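Down below is the structure, laid out as structure tokens.
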Number of protein chains: 2
Amino acid sequence: MRQNPARRAALLDAAIEVLAREGARGLTFRAVDAEAAVPVGTATNYFSSRDELFMQVGLRFYERLEPDAGVLAAGLAGPRDRDRVTELMHDVVNRVSAFRSGYLALLELRLESTRRPALRELLSERIRADVDANIRYHEEAGLPGDATTVVLLYMALNWLILERLTLPDVFPEDGIHDLVTDVVERVLPGPGRSG
Amino acid sequence: MRQNPARRAALLDAAIEVLAREGARGLTFRAVDAEAAVPVGTATNYFSSRDELFMQVGLRFYERLEPDAGVLAAGLAGPRDRDRVTELMHDVVNRVSAFRSGYLALLELRLESTRRPALRELLSERIRADVDANIRYHEEAGLPGDATTVVLLYMALNWLILERLTLPDVFPEDGIHDLVTDVVERVLPGPGRSG
DNA sequence: TTGACACCACTTCAGCCGTAGTACTATGTT
DNA sequence: AACATAGTACTACGGCTGAAGTGGTGTCAA
């Protein structure tokens, strides 16, 4: 079991690409080696089992998507009204959408977790923590809306991203922006205007 | 290319189970044969290619989930208020959730459509048609809310179902009912009460 | 020199495809 | 009633691909 962290990260990033491109079943040691352009056998030396590989990929995804402290701080500046929330949601949707392979890989992991109890547990905890962190952030920032608001935004926007990344013709790209705005306007009992 | 429709349907149902259980890559002619408990080679005789198989499974899913006319008619009875919508949404969520393997299979198809243009086109059209049908139904029934309302319900509830079926620990089962209610209450500008 | 890491080769194994070929059944014909 | 044919069901074989695992060699640095 090798330790070189840079190489390990590179392998996990390669695994994300493989997952997105080939699906869960396509995630093999060999495929990761090939994607990372390292000699055959390298991935085997870094991960004790395929199960292990799946789980580390799940963690890696969040490592890469985790908000930079800068963005977080920016959220705390300026007025705390609904427009602010809308802005933040646009940011999030675009940031996540931009990491297409990562998001698709996570979806593959979700489905794979149906078959791997250990992975399911890990993902559940990770995602629950993520939702909770969002709720806490929202509340501490004094943004309008409560925990339920955050959960609803989480659900609707996640599906929107999923749709956008898998079947872009269902909701055409140029309508996405307005759709995000609509989501926030309807979910947040509008303080200010009502249309 | 055999024609026996009952057998064909049985094979497609088997394919749904395989998709849900083994993932997209696991959907092979042999696996379908085994699942349907028919001799090896049968699926090959019914579907000209794997691509063809994927597409027919997509259609089959909707065949099986398509609302019975009874349910549709029931939606038109009684008052057309928000409580009615809530009720309908509970029905939908439960009906879809109950067809677990089907829903998981459709998610697999979505991800697979990333790699199969023909499948992507087929799914896009089918789903777009489904959304439109929901909007039309909603409007014609005189239920509160507009097209955007329906789309938002579609997005939020779909993700809710996805979460429920893949990572049930994120939103515990006994909170699902209230969550559905919350979704409707927040998305529909409440005519009547506001909390 | 020893140990950690990188790289390579070989063997083994499993799964799938496609096709060819056989058996069954129903239908229509003489 | 016997038979021929077509559509369908089933079986078996040959060949290919791709993955795993292991062991062995090379390289660099403490």
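A, B, ... follow the sequence lines: proteins, then strands. Residue 1 opens every chain. Please read these numbers as outputs of a predicted model, since none were measured by experiment.
B:D33 has its CG atom 10 Å from the P atom of D:dC10, to the nearest Å. The distance between atom CZ of B:R25 and atom P of D:dT17, rounded to the nearest whole Å, is 15 Å. Between B:R50 atom CZ and C:dG18 atom P the separation is 10 Å, expressed in whole Å.
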Practice item. Please lay out, stage by stage, how A:R8 and A:L11 fare under the test side chain to side chain contact (heavy atoms under 4.5 Å, CB included). Key: CA-CA 5 Å; A:R8 173 176 295 263; A:L11 287 172; 5.5 Å; no

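Not one side-chain nitrogen or oxygen of B:R7 sits closer than 4.0 Å to the OP1 or OP2 atom of D:dT8. Listed pair A:N4 / C:dA4 fails the phosphate criterion, with no side-chain N or O lying under 4.0 Å from OP1 or OP2. Contact check, A:Y46 against C:dA6: a side-chain N or O comes under 4.0 Å of OP1 or OP2.
Taking the side chain as every heavy atom from C-beta outward, A:L143 and A:L88 approach each other to under 4.5 Å.
Distances from the side chain of B:T28 to the nucleotides C:dC17, C:dA6, D:dA20 place C:dC17 closest. Among C:dC17, C:dC7, D:dA9, the nucleotide with an atom closest to any side-chain atom of A:P39 is C:dC7.
Separating the CE atom in B:M89 from the CG atom in B:L160 is a distance of 12.5 Å, to the nearest 0.5 Å. One distance of note links CD of A:E112 with CZ of A:F54; it measures 4.0 Å at 0.5 Å rounding.
Defined by atom type and a distance below 3.5 Å, a donor-acceptor pair is present between the side-chain atoms of A:T149 and A:D146.
Residue pairs satisfying the side chain to side chain donor-acceptor pair (under 3.5 Å) criterion with at least one member in residues 166-180 of chain A, sequence neighbours excluded, are listed as follows: A:H90-A:H177, A:R164-A:E173, A:T166-B:R110.
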Distances for protein N or O near nucleotides 21-26 of chain D N or O, under 3.5 Å:
| unit_1 | atom_1 | unit_2 | atom_2 | d |
| --- | --- | --- | --- | --- |
| D:dG21 | O6 | A:R30 | NH2 | 3.4 |

